[in-house]
Every structure is written in structure tokens, then in C-alpha cells.
2 protein chains.
Amino acid sequence: MNPAKRIGIKDIAEKAGVSAGTVDRVLHQRGDVKAETRTKVMAIVEELNYKPNIFARSLAYKKERRIVLISPDSRDKNPYWEKATIGVERAGISLEDHNTAISQIHFDASQKDSFVQAINQALELEPDGLVIDPVFKDVIQEKAAVFREQQIPFVFFDANIKGVGKLAYFGQDAAQSGQVAARLMRNALADDEKVLIIKLSKDKVFSQHINSRITGFIAALNTPKSDVEVWEMSLCEWETRREEIADMLRRKPYPGIFVPNTRVYKVARFLEDYQLEKKLLIGYDLIDENIAALKSGGIDFLISQRPEEQTYNAIMSLFNYIISKQEVQKTRLSPIDIIVKENIDYYC
Amino acid sequence: MNPAKRIGIKDIAEKAGVSAGTVDRVLHQRGDVKAETRTKVMAIVEELNYKPNIFARSLAYKKERRIVLISPDSRDKNPYWEKATIGVERAGISLEDHNTAISQIHFDASQKDSFVQAINQALELEPDGLVIDPVFKDVIQEKAAVFREQQIPFVFFDANIKGVGKLAYFGQDAAQSGQVAARLMRNALADDEKVLIIKLSKDKVFSQHINSRITGFIAALNTPKSDVEVWEMSLCEWETRREEIADMLRRKPYPGIFVPNTRVYKVARFLEDYQLEKKLLIGYDLIDENIAALKSGGIDFLISQRPEEQTYNAIMSLFNYIISKQEVQKTRLSPIDIIVKENIDYYC
DNA sequence: CTGTTAGCGCTTTCAC
DNA sequence: GTGAAAGCGCTAACAG
């Protein structure tokens, strides 16, 4: 593909009439170099379009690098975070040969203090880079100053906060995913068929993500308000008021049901238990319960957000930045995958 | 992540009481090693779970490696192949630092001779590995013997041929993708609504892929035969008999239309030109014309086969095998992506 | 400020 | 058969 041999640091040194060491110094702005030499070397680097051999680089660079990832703990067995962890592990393996270690620090997503502590802990590890799920905006705004001061590059994943100097954000466009769900509804339902949105969570606390999905969904559905209804309940209510809910659905059935989070399998089971009719049930995330329900026909579509890929890419990009200082694309949204029974095996 | 330092060839050498050179020899079965030493070293390699540092390896291994890819030419501007080429180029870039070059050789997919020639040409380049779209089965069956004899590993992509000693196959499951299309139809159409399949190609020649898609589609549709109709025509007929076709569709409309290949945009344009009604139009491939039609609403679903990823993965896996001799998964099917207007931007 | 040197983990050559 | 030594492209430590 390239007949000419790849040009290396030595070629540059020679052409510039300096030593390899000096070229290295200008390349990494390490130590002092006469301005004149610097510009000269830079010019030649540009001219020859020098690309470092990152393998030689990793081989030679002996200091261990450390990337620290800060994320909510998954003590509540949230499968989303389990998937995310797999991505972290994969990245760890990829980076082993690069002498780079990944540490994970978890916090309790309902306790701001816990988040602050996690960040402090991370800083004590003297990381070369941070990967953060920035759950608390004000904390981040404060700590970002420290990161900048200590020259620690950081990326966000899962959630995004603007204007604090992040290197990049890896996540999904929640509103857009709601629009995808709406499209699937519209293709399947007649214009006058009613749609129900069921918001289910542990304590009736709903993240920004979930609300954005709903906003996107309703906007794209493009249907009179009266045809969309939103139910909001805690998991506990859902369990205790089953009869009552079944009754409501029997009296007023909804051909389309949209559950804007992982809990959709609960709805699927419920509908089955009570033999309730539906035309289309759409939910989120490829967790085992949902996969099973999709395969059995209880769920019709799942939308996937690729948590594994998000953490993997976040870490790898940060690493690339650390070793090459090359700019990174600010926003990296992962695809909104549409999953049905027939293609699910390719996404697990 | 690993407190213990990574173990290397030297550690093994030391523990076995031999030199690094000898360890290398047993690792690569190169040169002669006393059987006794060999087994001893092997045992220690196992025991210590030695993993070579592939970067050090690439650095030290100076001979250039060559991977040759043999694919149909895209002189007819088939966009599928243009995408595939992008994957080849990406792989080329990734492998640059590994001192590995990718060459491409094209053939005329309608001429068996041309395919034979392409393979001969490839062999003259003394490749370290081959990536082949095995269009002609009998040719491959003959040439595979040569590959084996010369110890050249080869992988297939796009199409598959069994029992000739390929390392792996990268492609799609065509029948399964037809089933995905059927699922989308069934979700959107009432049971009694009719479905039309339109087969369009240059010379009414249809690849195995296309027929498999149709088979899968019809099987999964699970509908009385009478409700599915298949039209088969050349692009030329399609252009010259427009009025006639429009008439037929006006007299007997089909709510669902499935076009099992890239040409679906032609159908979309046609329907629009003649203001014909449809409920759902499903086709294949993310080429510009299809993307435009999807965005404007002329097409409802596209199924994507990720040609770029296929070539990229095929090359990278072959490379990994070449340098590590690690076994490769035999079949690597790419996901059957469901694309709608609202998520397409993440797949282009 | 800059050149020189040693060495990362592995492959390869050249002796013995 | 096998060990010792050189070197891949780069970084880092040490002299100047």
C-alpha cells in the first residue's frame, strides 16, 4: 500500500540536523527546546506527515498508566451497569499490552456525598485520565476545575454536562430514541388507536434520560394529546395494585404500550398473566428478562443503548488521547438499535 | 488490575533454564528443538499462561506481511462494494504500524475465468493470507488445495463455501434477514393484507443471497401462499413497462412490499411518481438513494448488512491469526440492523 | 538546551 | 540444538 518506508523519529532528526532525543522533546513538549529548533522540527514533522508508531511508543514508555472510571454501583443489580462493566473489562484487556490499568470506583447514585468521595478517591490514585458518569452536575462543575488544574483529561459517559471542559461524551440521544419508538408505533398502529406510556421505577424517581425519551416519543407520535396517556408508578405500586390495573386495562385497552426503560419485561409479564390484549409493546435494553419476553412474543420491540460499547469506547478514546494528544470528537452517540425476536441474537 | 507484572519470554526462558531464543523457537516451531526442551517449555508457557506482547512482536518482526483481498470489481458502481472498500481501507490503516500491507485484486463477477485469474495473480504476490469473496464454488474447491499446500490461510466474506478449509466466514445470514423483514411486515399489516415481493436486477440474475432472503421472508410471514406474490424483472423491463406496472398496482394494491436487495429506491420512486398507495416498503442496504428515500418516507424500513464491517473484521481476524496462530471463530455473522428514518444517522 | 545511551519484549542472525 | 547479541521505533535518564 505504501511503497515508501514509513518515516520515523530518526528520519526527522536527521533531516532537522538534531538528535532523536530532541525530536522526542518537541513532540511531547517535554523539557526545554530552543524555539528555533522546535519550529524547525515541527515543520519537518508536518512536511513528512510523521505518524508515531504507537506500539514502539507503548513498548518504550514504561511508567504504568492509570485510567479511573467512576460510575454508580450496581448493588441493586441493575443489569444496565453489569453490561457497562463488561465494556470496562474488555477495554482493560485491550490495554494490558499498553501497560495501562483501569480502576473502577463506584458511588451511590442517590447520595451526592458519595459521588464527591468517589471523585476524591479517584484523584488520590493520580490517574492519567478519568471516565465519569456525571450524575451530579454541581459537583462536576466544582471538580472539573481541579481536573483542569492537574491536567487530567476526563470524558463523560451515560449522561452529559456541557461547558466544563470534558474531552468527549459517550452516550445516547434519549429524545431521539423516543422518536424511534414512535416511528415503530406509527407504522403498526392505526391513527386512532390509543397509546399508553408506563413509567416504572423503584421510587417514582425518573432520570432525565427517561423523561427525554418520553418527550421525544410524544412529539414524534404526532397524535392528539388525548390519545396518549402516561402512567407513573413505583415498582411497589405496580405489584400491589395489579388487579386494579388489569381492570383499568380491560375497560380501556391500549393497543400500543411504551415503557421508556428497562422495566418493560414487568409489563409484558403482567399482560400475559392477565391475558390482556396489546398490539405493540416497546421497551428498552437487552437484559435477560427482556430478551426472554421478546423471544416469547410478550415484547415486540426493544431499543438498545449499547452500554458495553459506550464504556469501551469512552476508555479507548481517552487512552488514545492520553498517548497521542490527538483531539477527540466531542460527542459520540451510540446507535439506537431496533431489536426484534428475529435479529436479537446478533446483539447479545 | 494485575498487580503481578506481566510475564514475558524471558521469564519462561529463565524458568526453563534455556535462552529466550529457544523459547521463541518452540513458540513458532521454527528450527529444531530437542523434543524434551520443547515439551518443558510448552509446559511452562501453559502454566504461566504466557501471552505474547503483540506490539513487541510487530516491532521486532521486520519482514513485511501482505494480505490480499479478492473481490468483484465495482465498475458498475455498486455501492455495496464501495462501502466494503472503505472497510478495507480502514483495516489498511490499522495495520500500517504492524508492517502489513493490504492489496486488492478485482474480478468480473460474471466471468469465471476472471476469478481464476484473480486468484493466480494473488498467489503471485506471495500473500501471508487471503480474503476472498468466493463467487465460483468449483474454482474455490480447486484452488483451496493450493492454498493449503502453500500454507496460506484464507477467509471468506460476503458468500460462504463449506468444507474447503477456510479459516472463517464473515457475512450475513440472508434467510434470517428475510425473517426480520417478515416480522416488520407482520407487526404493521393486518393478517389479510397482501404482500408483494419485487425482485429487481440487471439481467434477472439473482444471487443465492437474494433468494435466501425471500425464502426466509415467506417462511416467516406465515401467511397463506395466495397472499404473497413475487414479481421478477430486469431493470430494463422495470423502466420500460412502468405504465403497465402502475396499472396492475392500481387494480390490485399491495399494502406491503418487500424488495430483497439494494434496488428498493427504484420502487420507492416509482410509487411516488405514480402516487400509488402502500403501507410498508422494506428493502436493503444503506446506499445514498435508499437513505434519501427512507428520509422522505418513500421507504419505511431498510435492513443493513454492514459491508464495511465485514471486510474490516475479515482482514483484522485474518491478521490476528497470522501473527498469533490463534484459532478464529468459524462464522462471524454481522447484525441485521433495522433502520428507520429516525435512527439512520447513527448507521451511516 | 541537546546528544548519547540504555532498554521495552520480541525476532533473527550468527556463532558454537 | 542452542546461546548470545543486535536491533525494531521510541522514551527516559544522564551527561554535558
Side-chain angles (χ1 to χ4, degrees), chain A residues 2 4-42 45 48-65 95-100 128 322-325, chain B residues 2 4-42 45 48-65 95-100 128 322-325:
Chain A
N2 55 345
K5 123 179 182 315
R6 205 144 156 194
I7 75 117
I9 212 169
K10 281 198 153 171
D11 306 282
I12 301 188
E14 192 180 350
K15 191 152 188 201
V18 297
S19 76
T22 302
V23 175
D24 184 71
R25 272 183 279 263
V26 353
L27 249 26
H28 300 291
Q29 40 239 275
R30 134 172 70 231
D32 294 317
V33 183
K34 216 200 308 178
E36 195 184 334
T37 337
R38 144 164 286 111
T39 50
K40 187 162 164 199
V41 170
M42 291 293 256
V45 165
L48 267 47
N49 187 27
Y50 165 73
K51 296 260 185 297
N53 182 327
I54 70 158
F55 304 137
R57 184 173 277 185
S58 276
L59 239 205
Y61 184 90
K62 274 291 71 194
K63 199 161 44 123
E64 183 180 87
R65 291 198 183 86
L95 294 182
E96 233 172 39
D97 275 341
H98 286 288
N99 212 347
T100 299
D128 298 283
I322 291 172
I323 65 161
S324 76
K325 293 292 181 225
Chain B
N2 56 344
K5 125 182 180 308
R6 206 148 155 189
I7 76 119
I9 213 169
K10 280 198 155 172
D11 305 284
I12 300 188
E14 193 180 347
K15 191 151 187 201
V18 297
S19 77
T22 302
V23 175
D24 184 73
R25 272 184 277 262
V26 353
L27 250 28
H28 299 291
Q29 41 240 275
R30 126 174 77 231
D32 295 317
V33 183
K34 215 197 313 176
E36 195 185 337
T37 342
R38 146 164 286 113
T39 50
K40 187 163 162 198
V41 169
M42 290 294 255
V45 164
L48 266 48
N49 187 25
Y50 166 74
K51 295 260 186 299
N53 182 325
I54 70 159
F55 304 137
R57 186 172 274 185
S58 278
L59 238 205
Y61 185 90
K62 274 290 73 193
K63 202 161 42 125
E64 183 179 87
R65 293 198 182 84
L95 294 181
E96 234 172 37
D97 275 340
H98 285 288
N99 212 346
T100 299
D128 298 283
I322 291 173
I323 64 160
S324 77
K325 293 292 181 227

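Owing to the predicted nature of the structure, the values given are computational and were not obtained by experimental measurement. Computed over heavy atoms, backbone and side chain alike; hydrogens, waters and symmetry mates excluded. The chains referred to below are lettered A, B, ... by the order of the sequence lines, with proteins before strands, and numbering in each begins at 1.
Here B:Asn53 lies in heavy-atom contact (under 4.0 Å) with sugar-phosphate atoms only. Residue B:Asp32 is classed as a base contact, given a heavy-atom separation below 4.0 Å to a base. Residue contacts shown for B:Thr37 are limited to sugar-phosphate atoms, with no base heavy atom under 4.0 Å away.
Among all heavy-atom pairs drawn from B:Arg25 and B:Val33, the shortest one is CB-CG2, 3.8 Å. Contact detail for B:Leu27 and B:Tyr50: the closest heavy-atom pair is CD2-CE2, 3.7 Å. When all heavy atoms of A:Ala13 and A:Ala20 are compared, the pair lying nearest together is CB-N, 3.6 Å.
The CD1 atom of A:Ile9 sits 13.5 Å away from atom CD of A:Glu14, with the distance rounded to the nearest 0.5 Å.
Look at NZ on B:Lys63: it is 14 Å from C1' on C:dT13, rounded to the nearest Å. Taking atom OH of B:Tyr61 as the reference point, atom C1' of D:dG7 lies 16 Å away to the nearest angstrom. Going from atom CG of B:Asn99 over to atom P of C:dT11 covers 14 Å, rounded to whole Å. Here the C1' atom of nucleotide C:dT2 and the CD atom of A:Gln29 are 18 Å apart, to the nearest Å. The nearest whole Å value for the distance from the CD atom in B:Glu64 to the C1' atom in C:dT11 is 17 Å. For the pair B:Arg65 CZ and D:dC8 P, the interatomic distance rounds to 17 Å; values are reported in whole Å. Between the CZ atom of A:Arg30 and the C1' atom of C:dT2 there is a distance of 14 Å, rounded to whole Å. Atom CZ in B:Arg57 sits about 20 Å away from atom C1' in D:dC10, given to the nearest Å.
In terms of modelled atom types and a separation under 3.5 Å, the side chain of A:Arg57 and the main chain of A:Ile323 share a donor-acceptor contact. Although no hydrogens or angles enter the test, the distance criterion places a donor-acceptor pair under 3.5 Å between the side chain of B:Arg6 and the main chain of B:Lys51.
Separation of the C1' atoms belonging to D:dA6 and C:dT5 is 15 Å when rounded to the nearest angstrom. Rounded to the nearest Å, the gap between the P atom of C:dC1 and that of D:dC10 is 25 Å.
Side-chain proximity of A:Lys34 to the nucleotides D:dT2, C:dC10, C:dC1 is greatest for C:dC1.
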Reading 5' to 3' and counting Watson-Crick or G-U wobble pairs with both distances under 3.5 Å, write the dot-bracket notation for DNA chain D, | for bases paired outside the strand. |||||||||||.||||
Distances for protein N or O near nucleotides 3-7 of chain C N or O, under 3.5 Å:
residue	atom	partner	partner atom	Å
C:dG3	OP2	A:Ser19	N	2.9
C:dG3	OP2	A:Ser19	OG	3.1
C:dG3	OP2	A:Thr22	OG1	2.5
C:dG3	N7	A:Arg25	NH2	2.8
C:dG3	O6	A:Arg25	NH1	3.2

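Using cut-offs of 30° and 60° on the angle between ring planes, the pair B:His98 and A:Phe55 is tilted.
Using a cutoff of 4.0 Å between basic side-chain nitrogens and carboxylate oxygens, A:Asp24 and A:Arg30 are scored as salt-bridged.
Considering A:Glu36, A:Lys40, A:Met42 in turn, A:Met42 is the only one that fulfils the side-chain contact (heavy atoms from CB on, under 4.5 Å) rule with A:Arg38.
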